[in-house]
Amino acid sequence: MTLVFASNNEHKIKEIKSLLGNSFTLLSLHDINIREDIPEEEPQIEGNALTKARYVFNACGLNVFADDTGLEIAELNGLPGVHSARFAGENKDSSANIEKVLFLLGNSKNRKARFRTVIALILEKKEYLFEGIVNGTIIKEKRGIEGFGYDPIFLPDGKTCTFAQMELSEKNTISHRALAFEKLKKFLVNYG
Ligand code: IMP
């Protein structure tokens, strides 16, 4: 089966190729000649994932999936959520994003948070959504140098290491993205 992954992020494409295995031919946006940035302006993660998948489907008519992720902090009413990448500004600066989160949380006792990934799949013109969630806590200071984004301040429930103190292989066994992609894979493997 041929599927477009609506991404040009080489790291993600490689990761997903290895997850899905050889029975799927995965094409990137680059492979199908989509060079422009697809707008991500929806108020919900689901909306952004669907917008990206629909944009590609309308452009090429191929089966396609797209993902979108946000960090949702309970005390901040779900922020940064859909704004996670640009929380502190357009340049997507992870350090500035972390500083903003820590500033807004201050000494708040409720530091519960979750990462949530939604994948939108358009297969034979039908739309499907798959969700992956990992619950955790926002700690008060950065710990670790691995990973990216908010990893240094996210302590997953039941762990003593932040995502930034884990090997990628360990993060991949529990991460929001891995859980969502496992659901997608299961669905595709069992599909007709
Ligand atoms: P995207 O939808 O995968 O591009 O993710 C949007 C933003 O959420 C990223 O720019 C990061 O700031 C944050 N994010 C997504 N996944 C992770 C993760 O696994 N660790 C830390 N931050 C993440």
Side-chain angles (χ1 to χ4, degrees), residues 5-16 19 28-29 34 36-56 64-73 76 78-105 111-121 129-139 141-157 159 161-184:
F5 179 23
S7 174
N8 266 331
N9 178 328
E10 284 304 324
H11 175 78
K12 267 195 201 175
I13 292 164
K14 210 169 143 191
E15 194 178 296
I16 304 315
L19 190 77
S28 68
L29 290 181
I34 294 185
E36 65 272 23
D37 271 346
I38 304 176
E40 295 184 42
E41 291 159 359
E42 297 297 319
Q44 303 287 343
I45 290 170
E46 285 79 358
N48 268 343
L50 269 171
T51 303
K52 283 190 269 185
R54 285 174 187 157
Y55 185 100
V56 174
V64 55
F65 61 89
D67 70 329
D68 201 48
T69 294
L71 173 67
E72 299 176 336
I73 301 176
L76 305 181
L79 282 175
V82 78
H83 309 291
S84 292
R86 296 177 175 81
F87 195 42
E90 278 306 306
N91 54 353
K92 301 188 184 177
D93 180 341
S94 292
S95 299
N97 287 340
I98 286 177
E99 290 312 316
K100 184 168 176 182
V101 162
L102 293 180
F103 173 77
L104 291 175
L105 274 180
R111 308 188 74 88
K112 284 193 171 105
R114 63 183 194 175
F115 274 114
R116 193 161 74 90
T117 293
V118 172
I119 299 170
L121 167 72
L129 293 177
F130 305 89
E131 187 185 57
I133 289 176
V134 59
N135 290 301
T137 304
I138 301 297
I139 58 170
E141 282 166 7
K142 292 198 239 180
R143 275 206 257 141
I145 53 165
E146 304 296 327
F148 70 103
Y150 300 90
D151 280 349
I153 54 166
F154 186 80
L155 184 66
D157 283 354
K159 299 282 176 184
C161 291
T162 66
F163 266 168
Q165 292 174 302
M166 286 179 189
E167 298 281 338
L168 182 61
S169 54
E170 188 183 355
K171 180 181 169 188
N172 279 346
T173 59
I174 56 167
S175 89
H176 42 297
R177 205 169 5 263
L179 295 174
F181 274 100
E182 277 302 332
K183 286 185 188 169
L184 171 72

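One-based numbering along the sequence shown. Worth knowing before you read on, the calculation uses all heavy atoms, side chains too, and leaves out hydrogens, waters and symmetry mates. Remember, it's 1-based here, ligands and their atoms both numbered in the order they're listed.
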Report all N/O contacts between ligand 1 and the protein shorter than 3.5 Å as a table of atom names and distances to 0.1 Å; if there are none, say 'none'.
from: ligand 1; atom 1: 2 (O); to: Asp68; atom 2: OD1; distance (Å): 3.2
from: ligand 1; atom 1: 2 (O); to: Thr69; atom 2: N; distance (Å): 2.9
from: ligand 1; atom 1: 3 (O); to: Lys12; atom 2: NZ; distance (Å): 3.1
from: ligand 1; atom 1: 16 (N); to: Arg177; atom 2: NH1; distance (Å): 3.2
from: ligand 1; atom 1: 19 (O); to: Lys171; atom 2: NZ; distance (Å): 2.8
from: ligand 1; atom 1: 19 (O); to: His176; atom 2: NE2; distance (Å): 3.0
from: ligand 1; atom 1: 19 (O); to: Arg177; atom 2: NH2; distance (Å): 3.0
from: ligand 1; atom 1: 20 (N); to: Asp151; atom 2: OD1; distance (Å): 2.6
from: ligand 1; atom 1: 22 (N); to: Tyr150; atom 2: N; distance (Å): 3.2

For Glu141, I'd like to know if atom CD has over 12 heavy atoms of other residues, nucleotides or ligands within 6.0 Å.
no
Show your working on side chain to side chain contact (heavy atoms under 4.5 Å, CB included) between Glu146 and Leu168 and close with a plain yes or no.
CA-CA 8 Å; Glu146 304 296 327; Leu168 182 61; over 6 Å; no
Can you list every pair that meets side-chain hydrogen bond (donor to acceptor under 3.5 Å, both in side chains) and has a residue in residues 82-93, with sequence neighbours left out?
Arg86-Glu90
Go through the structure and list residues passing ring-ring contact (aromatic ring centres under 6.0 Å, His included) with Phe87, not counting sequence neighbours.
none
Are the side chains of Thr69 and Arg177 in contact, using a 4.5 Å heavy-atom criterion?
yes
Can you sort out the partners of Phe154 under ring-ring contact (aromatic ring centres under 6.0 Å, His included), two or more places apart, ordered by chain and number?
Phe115, Phe163
